[in-house]
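The block underneath contains the structure these notes are about, expressed in structure tokens.
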Amino acid sequence: LVVLGQCTTSPAHEAKTYSVIVLALHHLMLSQQEYNKDVLRHMDNAEKLITQLIEADNSIVGRLVKSHIVRRRGRIEEAVLLIDPIAAQIKQELVVYGRTDVQPYRFDFDRAMLHFVKMDYGPAAALLEPLHAENSSFNAKVLATAVSAACHAMKPEPDAERSAALLKTMGEEDDLGRMDQAIVLKKPTLMARTEPRLLGYEIFYIFGHLKCYSPTLSTSRDESINWLQARLAELDAIAAATQFNISTVATAVAGVTDPAVVAEPVEQLIAATLIAASICALKDDLDRAEQDLAQLIEACSTKPVQLALADKDPYAKPWAMYELAAVHIRRGKYLAAKSLLQTVEKRAKSAKNPFSFSHMLAYKCAGAIKVCDDSI
């Protein structure tokens, strides 16, 4: 960081430009930490740095980075206005230079995700279609397919058949990147669900898109709280529809002769509870977040629930432990948080019983453990 700070005053254009971009991304990353007490300061620093850069040289990369910063402040329309001209400019330059072999997939994916975050699922699915087409060379086709499937499931008039067909094709390629490998681990779970909308909520959660509506970072606190409350109500309804309760699910499942019979509703209850708890933490309802996360972890630690979820992606428990640790940090319980984080980090790095997005979770745990060490 010291060296980057020195580079921001460099007379060399590229050194100055990219050091500012990296510093802005550093502050953006810190603003997204669930346990960081200075998220607003870091977000303000990120936006200030990148805005000054754009005012100085209107950098394309700078505008791309700013689109990510402002979307995380809930200013989705502004992000769209930043990225749409970039995509058009890149496509034009590719034609001028005769690079018909190159497709600006990343820009189209970013544009699709902006529509996804706005819950504008039709345009998002349309942008994603060429990315996961058979002849596409996009290096995250499984991710694009999963998001597209979620869009079709969450549209005002859901297309469950199209969503299921897309999920069925996931992972047919031989050479998958790390992100695609993570999502493929969820495929059997996703194919068996009776509530396809849960995938959409998981994408909102895992990729941090719920934070685009953070009341702390947003420029419209009331609108963000209303949006989060609406999503919480939807997730609570999904959980209630399973006919199980997170506080008593272990006892209820213990009386079932064949655990496989209740596998789908139990998995959906646990997934909905995890995401709902993260929303509660985001809107500062730490009491409910802590209670739901603790009950989820306890339920997933019991033999009846473990048997019911034997063939499912076991990501919910370790992610819930991380979320509970983040709540502990916010409440100053650093020893309890560190104990949870060390357990999760070890589990995420283990090759035994893999779960989706384990690499991402291990990375998040490492940062949180450092905060605990600095605070104890």
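Side-chain atoms are counted along with the backbone in the values below, which use heavy atoms only and exclude waters and symmetry mates.
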Presence of salt bridge, [Y] and [X], under 4.0 angstrom:
X: Asp44; Y: Lys48; value: no
X: Arg111; Y: Asp84; value: yes
X: Glu134; Y: Lys141; value: no
X: Glu129; Y: Arg162; value: yes

Query raised in the report: With hydrophobic residues grouped by side-chain heavy-atom distances under 4.5 Å, do Phe138 and Leu94 end up in a single group?
Result: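 They do share one cluster, since a chain of ILVMFWY contacts under 4.5 Å joins Phe138 to Leu94.
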Query raised in the report: Does Met119 share a hydrophobic cluster with Leu198, counting links as ILVMFWY side-chain heavy atoms below 4.5 Å and allowing steps through other members?
Result: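 Yes: a chain of side-chain contacts under 4.5 Å links Met119 to Leu198.
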Would [X] and [Y] count as having a side-chain donor-acceptor pair, cut-off 3.5 Å?
X: Thr9; Y: Lys16; answer: no
X: Lys317; Y: Ser301; answer: yes
X: Thr273; Y: Asp292; answer: no
X: Tyr315; Y: Glu202; answer: yes
X: Asp110; Y: His68; answer: yes
X: Tyr201; Y: Glu234; answer: yes
X: Glu223; Y: Ser218; answer: no

Report task. Apply side-chain contact (heavy atoms from CB on, under 4.5 Å) to Val61 and list each qualifying residue two or more places apart in sequence or on a separate chain. Result -> Tyr18, Ile21, Ser59, Val65
Requested in this report: Ignoring hydrogens and angles, tell me if any N or O in the side chain of Thr189 forms a donor-acceptor pair with the backbone of Asp313 under 3.5 Å.
Outcome: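 Confirmed, Thr189 side chain pairs with Asp313 backbone.
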Query raised in the report: For Phe357, which of Phe207, Trp319, Tyr205, Tyr363 qualifies under ring-ring contact (aromatic ring centres under 6.0 Å, His included)?
Result: Phe207
Requested in this report: In sequence, state the C-alpha distance, the side-chain angles, and the governing distance for Glu77 and Lys118, and then conclude on salt bridge (charged side-chain N to carboxylate O under 4.0 Å, His left out).
Outcome: CA-CA 9 Å; Glu77 295 295 343; Lys118 285 199 306 176; 3.1 Å; yes
